[in-house]
Asks: 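Quick one: the structure is below, and I'll ask about it shortly.
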Amino acid sequence: MTSQNVSAQLDKQEIWQKDRDHFMHPWTDFSTFKESGSMIFNQADGVSIQDADGKRYLDGIGGLWCVNIGYGRDEIAEAVADQIRDIPYFSTFGHHTTAPAARLAAKLAELAPGDLNHVFYGCGGSVANDTAVRMIHFYFNQLGQPSKKQIISRIDGYHGSTYMAMSITGVKFDHIGFDIDQQLVHHISCPNPYRRPEDQSLEAFCDEKVKELEDKILELGPDNVAAFFAEPIMGAGGVIVPPEGYHRKTLEVCRKYDVLYVSDEVVTAFGRLGHMFASEDEFGIVPDIITCAKGLTSGYLPLGATIFSDRIYEVISKPQADGAIFTHGFTYSGHPVSCAAGLKNIEIMEREGLCAHVEDVGDYFERRLHELEDLEIVGDVRGRKFMMCLENVADKTTKELIAPEAKVGNRIADECQQRGLIVRPLAHMNILSPTLILNREHVDFVVATLRESIEAATESLKADGYLPR
């Protein structure tokens, strides 16, 4: 072993130790972390990442739904460096701004549907959703309707990890051991077509879920309900694509009772479904508010945005009283370096036609993944374009799940990792949200690797007694 290799090995061990001892990771499984520690990644380019041992992997999760333009884009690095040299930071509180913040806001207004012409910046999706709640409450207060405070969202919807965003989140597993606001937030059923009764049509299922929203509004009282939060496709809750017409019909219910509609596009915006924003182009609705993050900078720097309508702006931009101001914001709202990254990211997407690329290769990705439905444990393959999920079951007829302690999603992810592919385990599911620059050869590798990995995991489940031989 050369001295350089010895040094690299020592650095790896040092990083592993410091990480294990001091870095509190998001979503940590402490049953294994204290012993196994973290896998260290140190390089990335294109569609691939590399670990500290030099092994390369195709990144099938796009970092975490977000590295849309792929890794190693020098243009982003140069735009960021130039902005740091020009002006790295200045507060945007009150009447101060920078060129990147103003230009990106104008660009987002141009791309967003309808009259969503106003942008409030934060540092990520959770903060974007928290901002939406504060803005909505302020809006109704200004209108003289202070009782309109209640928020409705869906079971298995995911909206973030700050206190309010996690309260709006309907993934029950994420609430274990934590407190959430159960007085302000109410959840209705997940519109998951795969789990509907066998004898129920998609149309009837859709109407049932829409009626549930209306019933909940009436139960709480229309004068008390402020907003409905909905992801166009539910992400961390299992990539749930609602039945045709669901979003249009739920928006109609919201309009009927003067309930604001918040479309959480933290995952779906900036090309993942083949559109800059999916609400109108994919699902035919113009919401009152769109929240976004992740693909806004392709994960190169933290940035989120709450994009809202002229209607809302006209109300909240009027002074409450002499000397009163809109007292909401963050030190890093409109951070010029993050906004410069966002502008360059969108420029690259438009110049390279990434949305059209996703429409093309994303269709191929869907078709190829559906081929895996012939495997013994794959009960459902769902999603759109570069936002896909495989749900694994013990019995494809009854849709009975494999015992949770079998950790089937983790088994498959581990098998994939051994073969050079990163996929996301989520209980009994595996999620794929790759970079948007995948080509057909990459797709073929992903599907072939998944097939081998699921077959290997199936055999291990049988060997361990979780499935019959």
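Only a predicted model underlies this, so the values are computations on that prediction, with no experimental measurement involved. These values consider heavy atoms only, across backbone and side chains, with no hydrogens, waters or symmetry-generated copies.
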Asks: To the nearest 0.5 Å, what is the distance between CG on L58 and CG on L438?
Replies: 5.5 Å
Asks: Provide the closest heavy-atom pair for A340 versus P100 in the form atom of the first, atom of the second, distance.
Replies: N-CB, 3.7 Å
Asks: When you check the side-chain N and O atoms of H357 and D360, is any donor under 3.5 Å from an acceptor?
Replies: no
Asks: Between S298 and N345, do the side chains contain an N or O donor and an N or O acceptor separated by less than 3.5 Å?
Replies: yes
Asks: Verify, without hydrogens or angle tests, whether K399 (side chain) and G379 (backbone) share a donor-acceptor contact under 3.5 angstrom.
Replies: no
Asks: How about OH on Y194, more than 12 heavy atoms from neighbouring residues, nucleotides or ligands closer than 6.0 Å, or not?
Replies: yes
Asks: Could you check whether Y71 and D59, counting side-chain N and O atoms only, form a donor-acceptor pair closer than 3.5 Å?
Replies: yes
Asks: Distance alone, cut at 3.5 Å: any donor-acceptor contact between the side chains of T169 and D174?
Replies: no
Asks: Please say whether more than 12 non-hydrogen atoms of neighbouring residues, nucleotides or ligands are located less than 6.0 Å from NZ in K209.
Replies: yes
Asks: Under a 3.5 Å threshold, yes or no: a donor from one side chain and an acceptor from the other, between T268 and E231?
Replies: no
Asks: Nearest 0.5 Å, please: how far is CG in L111 from CG in D281?
Replies: 10.0 Å
Asks: With a 6.0 Å cut-off (strictly less than), is the heavy-atom count around NZ of K34, excluding the residue itself, greater than 12?
Replies: no
Asks: Taking atom CD of E405 as the centre, report whether more than 12 heavy atoms of other residues, nucleotides or ligands fall under 6.0 Å from it.
Replies: yes
Asks: Does any donor atom in the side chain of S309 or H118 lie under 3.5 Å from an acceptor atom in the other side chain?
Replies: no
Asks: Just by distance, with hydrogens left out, do E455 and T458 show a side-chain donor and acceptor under 3.5 Å apart?
Replies: no
Asks: Should E78 and R73 count as an ion pair when the cut-off is N to O under 4.0 Å?
Replies: no
Asks: Using the benzene-type ring in the case of Trp, are the ring centres of H335 and Y121 under 6.0 Å apart?
Replies: no
Asks: In this structure, are over 12 heavy atoms from other groups packed under 6.0 Å from R195 atom CZ?
Replies: yes
Asks: Looking only at side-chain N and O atoms, does Y364 offer a donor or acceptor that is under 3.5 Å from a partner on D444?
Replies: yes
Asks: So, N192 versus D156: side-chain donor-acceptor pair below 3.5 Å or not?
Replies: no
Asks: Would you give the length of the straight line joining atom CD of Q13 to atom CH2 of W16, rounded to the nearest 0.5 angstrom?
Replies: 6.0 Å
Asks: So, D264 and R154, do they make that salt bridge, N to O below 4.0 Å?
Replies: no
Asks: Can a salt bridge be assigned to the pair R384 and E366 using a cut-off of 4.0 Å between side-chain N and carboxylate O?
Replies: no
Asks: Is K396 salt-bridged to D380, going by a charged N under 4.0 Å from an acidic O?
Replies: no
Asks: With sequence neighbours excluded, tell me which residues meet side chain to side chain donor-acceptor pair (under 3.5 Å) with D288.
Replies: R255, R311
Asks: State whether a side-chain donor-acceptor pair under 3.5 Å links D414 with Q418.
Replies: no
Asks: Do you see a donor-acceptor pair shorter than 3.5 Å between the side chains of D19 and H25?
Replies: yes
Asks: Establish, yes or no, whether a centroid distance under 6.0 Å links the rings of F270 and H275.
Replies: no
Asks: To the closest 0.5 Å, what do you measure between CD1 (I168) and OH (Y158)?
Replies: 11.5 Å
Asks: Tell me yes or no: between the side chains of N42 and D51, is some donor less than 3.5 Å from an acceptor?
Replies: no
Asks: With a 3.5 Å cut-off and no angle check, do the side chains of S433 and R424 form a donor-acceptor pair?
Replies: no
Asks: Between K12 and D53, does any NZ, NE, NH1 or NH2 come within less than 4.0 Å of an OD or OE carboxylate oxygen?
Replies: yes
Asks: With no hydrogens and no angle check, is any side-chain donor or acceptor of Q83 less than 3.5 Å from a backbone partner on I87?
Replies: yes
Asks: List in chain and number order the residues that pass side chain to side chain donor-acceptor pair (under 3.5 Å) with R367, two or more places apart in sequence or in another chain; answer none if no residue qualifies.
Replies: none
Asks: Using the ring centroid of each side chain, check whether F308 and F120 are separated by less than 6.0 Å.
Replies: no
Asks: Output yes when a side-chain donor or acceptor of S460 lies under 3.5 Å from a complementary backbone atom of A457, and no otherwise.
Replies: yes
Asks: What is the distance from atom CZ of F33 to atom OG of S38, rounded to the nearest 0.5 Å?
Replies: 4.0 Å
Asks: Do the charged groups of R419 and E415 touch, with an N to O distance under 4.0 Å?
Replies: yes
Asks: Counting only N and O atoms by type, is there a donor-acceptor contact under 3.5 Å from the side chain of T297 to the main-chain atoms of L303?
Replies: no
Asks: Is it true that a side-chain atom of R351 and a backbone atom of I348 form a donor plus acceptor pair closer than 3.5 Å?
Replies: no
Asks: Go through the structure and list residues passing side chain to side chain donor-acceptor pair (under 3.5 Å) with E350, not counting sequence neighbours.
Replies: K107
Asks: What distance separates N392 CG from I377 CD1, expressed to the nearest 0.5 Å?
Replies: 4.5 Å
Asks: Is it the case that the side chains of H187 and S153 hold a donor-acceptor pair, with the cut-off being a distance below 3.5 Å and no angle test?
Replies: yes
